[in-house]
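See structure below.
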Amino acid sequence: MTQDPPFLSALLGADRPLIMEVKARDGHGGDLLRGRAPGKVAAAYEQAGAPCVSVVTGRWFGGSPAMLTDVTSRVRVPVLLKDFVTRRDQITAAASAGAAAVLLTAALLPRESLHALARQCHEHGLTPFVEITRAEQAAGLPDPHACVIAVNNKDIVRRERDTGDLDRSRTLLPAVRASGTRCPVSASAVSGPGAAAGLLAAGYVGLLIGTALLRAPSLTEWLREFDTRRADTAAPGGSRPPADHVTPPKGAPA
């Protein structure tokens with residue numbers, strides 16, 4: 001049996017399957033790092049038990065290529081590069097910089113290009129992290145069992161300036177499962193521990209969370225509440241946390 005690539009293996013085997021994201025700014029330009037170095041934030045995630053870390057290098061969110069090397073030099077867990085990848089040389093560069101997975105945004109790529117870039121990721125031993133917003137985008141990917149397929153709960157066309165809609169994740173989960181992936185992920189707009197626990201209870205294998213963790217007064221307390229809420233969903237007769245809660249903190253987007 002072929003061994004899973006590191007990113008996919010780490011997420012599938014995680015007790016707490018949260019991809020914790022490092023991002024300089026939110027969709028409205030709000031400062032999320034607040035003077036913290038990206039690598040230091042990623043190291044804190046790793047110490048907190050993150051199986052994987054994501055780093056947003058796209059300029060829309062205040063990122064830069066240097067953020068990837070800063071993060072990969074500080075952590076040993078697999079790292080997802082999030083940028084608007086449209087060319088083969090970007091995948092080669094990501095692999096050289098130590099990334100273990102690469103974001104491919106289906107809404108921004110012609111189908112043929114999406115599939116060609118996914119194949120190149122496989123060739124480099126990287127996990128294609130294919131982000132979708134419509135059911136048909138999940139179908140027909142090359143080697144889907146080795147891909148992460150993530151539902152983006154925000155509107156990329158609006159540069160993710162909306163509050164998000166977790167109903168999209170619930171609606172698209174059957175199509176994501178039907179694609180052949182073993183790792184459906186819900187990404188963006190997961191603003192609270194209850195919403196996160198609810199999405200896992202609904203059938204998602206992993207979650208990508210950025211702004212909520214970066215804005216949390218205490219990462220430890222956020223994760224502790226998440227663990228509690230998740231345990232409640234597994235308890236006999238336990239009440240399911242509200243998976244549709246996307247209300248951000250006052251004055252901040254989710």
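All values below come from the heavy atoms of this structure, side chains included, with hydrogens, waters and symmetry mates left out. Quantities reported herein were computed from a predicted structural model and do not represent experimental measurements.
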When rounded to the nearest 0.5 angstrom, what distance separates CG in L33 from NZ in K40?
12.0 Å
Ignoring hydrogens and angles, tell me if any N or O in the side chain of D83 forms a donor-acceptor pair with the backbone of V85 under 3.5 Å.
no
Taken to the nearest 0.5 Å, the spacing of T181 OG1 from I149 CD1 works out to 5.0 Å
Do R215 and D26 have side-chain heavy atoms sitting under 4.5 Å apart?
yes
Indicate the atoms forming the closest heavy-atom contact of R16 with A48, along with that distance.
NH1-O, 3.0 Å
What's the spacing between L104 CG and L109 CG if we round to 0.5 Å?
6.5 Å
How many angstroms lie between CD in E21 and CG in L207, if you round to the nearest 0.5 Å?
12.5 Å
Contacts of type side-chain contact (heavy atoms from CB on, under 4.5 Å), residue S73, not counting sequence neighbours
D70
Between C121 and P128, which heavy-atom pair has the shortest distance, and what is it?
CB-CG, 3.7 Å
S218 side chain to E221 backbone, donor-acceptor under 3.5 Å:
yes
Between the CG atom in L32 and the NZ atom in K23, the distance rounded to the nearest 0.5 Å is 6.5 Å
Counting N and O atoms only, with roles assigned by atom type, does the side chain of D165 sit under 3.5 Å from a partner on the main chain of N153, one being a donor and the other an acceptor?
no
Would you list the atom pairs, donor with acceptor, under 3.5 Å between side chains in residues 137-147 and any protein atom, with sequence neighbours excluded?
from : atom 1 : to   : atom 2 : distance (Å)
Q137 : OE1    : T133 : N      : 2.7
Q137 : OE1    : R134 : N      : 3.1

What is the distance from atom OG of S188 to atom CG of L166, rounded to the nearest 0.5 Å?
10.0 Å
Verify same cluster id: Y204, F7 (apolar side-chain graph, 4.5 Å):
no
